[in-house]
Amino acid sequence: MSLTTLGLELPTDPRWVNIAEMNIGDILIDHAYCEQKAASSCISLIVQYSDKEKLVEVLTPVVAEEWGHFQRVLKELRKRNIPLGRQRKDEYVNQLRSRLRRSIGDQKEQLMDNLLLNALIEARSCERFKLLSEHIEDEGLRKFYRELMISEAGHYRNFIELAETYLPAERVRERWKEFLAVEADIMANLEVRGDRMH
Ligand SMILES: [Fe+2]
Ligand SMILES: [Fe+2]
C-alpha cells in the first residue's frame, strides 16, 4: 500500500517507527482506542444516516471488523500484562476535526465531510500499520499489523466509495484534495512521539 494509492501527501517521519517500537506498550494502548473509535464512528454514521441504505449496508460489517480489531489489540495487551487504562488525548484527530468539520453547509456536504474524515484516518492508519509491519522485530506483531493494514485499506476505499455514492465524484475529489492538504499540514507540525499511533 503506497502513499500514492492512499493519496496521502506526506510520508510519516522515518523516526516514528523506531520510537514506536521502543514504546510498543503505549502504541498498543493508543491503537486499542483507535479501533474503538473507528467502530464507534461507524455506529454513529449508521445511527445518523439510517435512511441511507447503501451506507448502512456497507458500514455495518465494518463495525464488526473494527470491533474485532479492538478485541485483537486487547489480546495483545493482555499477553503483555498491559492495562488498557483511560483514553488519552488524540491530538491528530482533534486537529483534523477542528480544521475540517463544518457546522454549516448543506447536508450532503456534511455527509461527505464525515465520510472523508473517516477515510483520511483510515488511510493514515494504514500507512502506519505498514511501517510497523515492515520495521519492527516482533514477528507476531508484524503479521498482525500486516493484516490490519489490508483491512484498513479496504475501509478507506469503502468511505471514499460511499462519498461518491451520495455526491458527484468530481466534488468528492475536489474536497478530498483539501482534506489531504490539511492533513499534511497537521502531520508536518505534530510532534513525533512514540506513544501515539498518529
Ligand atoms: Fe481497524
Ligand atoms: Fe478501519
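For ligands, and for the atoms within them, numbers begin at 1 and follow the listed sequence.
Per residue H69, closest N, O or S atom to the Fe ion (ligand 1): atom name ND1. Closest to the Fe ion (ligand 2) among the N, O or S atoms of E152 is OE1. Taking the Fe ion (ligand 2) as reference, E66 places its N/O/S atom OE2 nearest. For E35, the N/O/S atom at the shortest distance from the Fe ion (ligand 1) is named OE1. Looking at H155 and the Fe ion (ligand 2) together, the shortest N, O or S contact belongs to ND1.
For D30 (side chain) and M197 (main-chain N/O), a donor-acceptor pair under 3.5 Å exists by modelled atom type. Looking at Y33, its side chain never comes within 3.5 Å of a backbone N or O of K89 through a donor-acceptor pair.
In terms of heavy-atom proximity, L167 sits nearest to R171 at CD2-CG, 4.2 Å. Taking each heavy atom of L28 and Y145 in turn, the nearest pair found is CD2-OH, 3.5 Å.
At a cut-off of 2.8 Å, E122 coordinates the Fe ion (ligand 2) through an N, O or S atom.
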Open item on the list: As a quick check of understanding, evaluate salt bridge (charged side-chain N to carboxylate O under 4.0 Å, His left out) for R80 and E76, giving each step before the final call.
Closed with: CA-CA 7 Å; R80 294 167 175 78; E76 295 298 329; 2.9 Å; yes
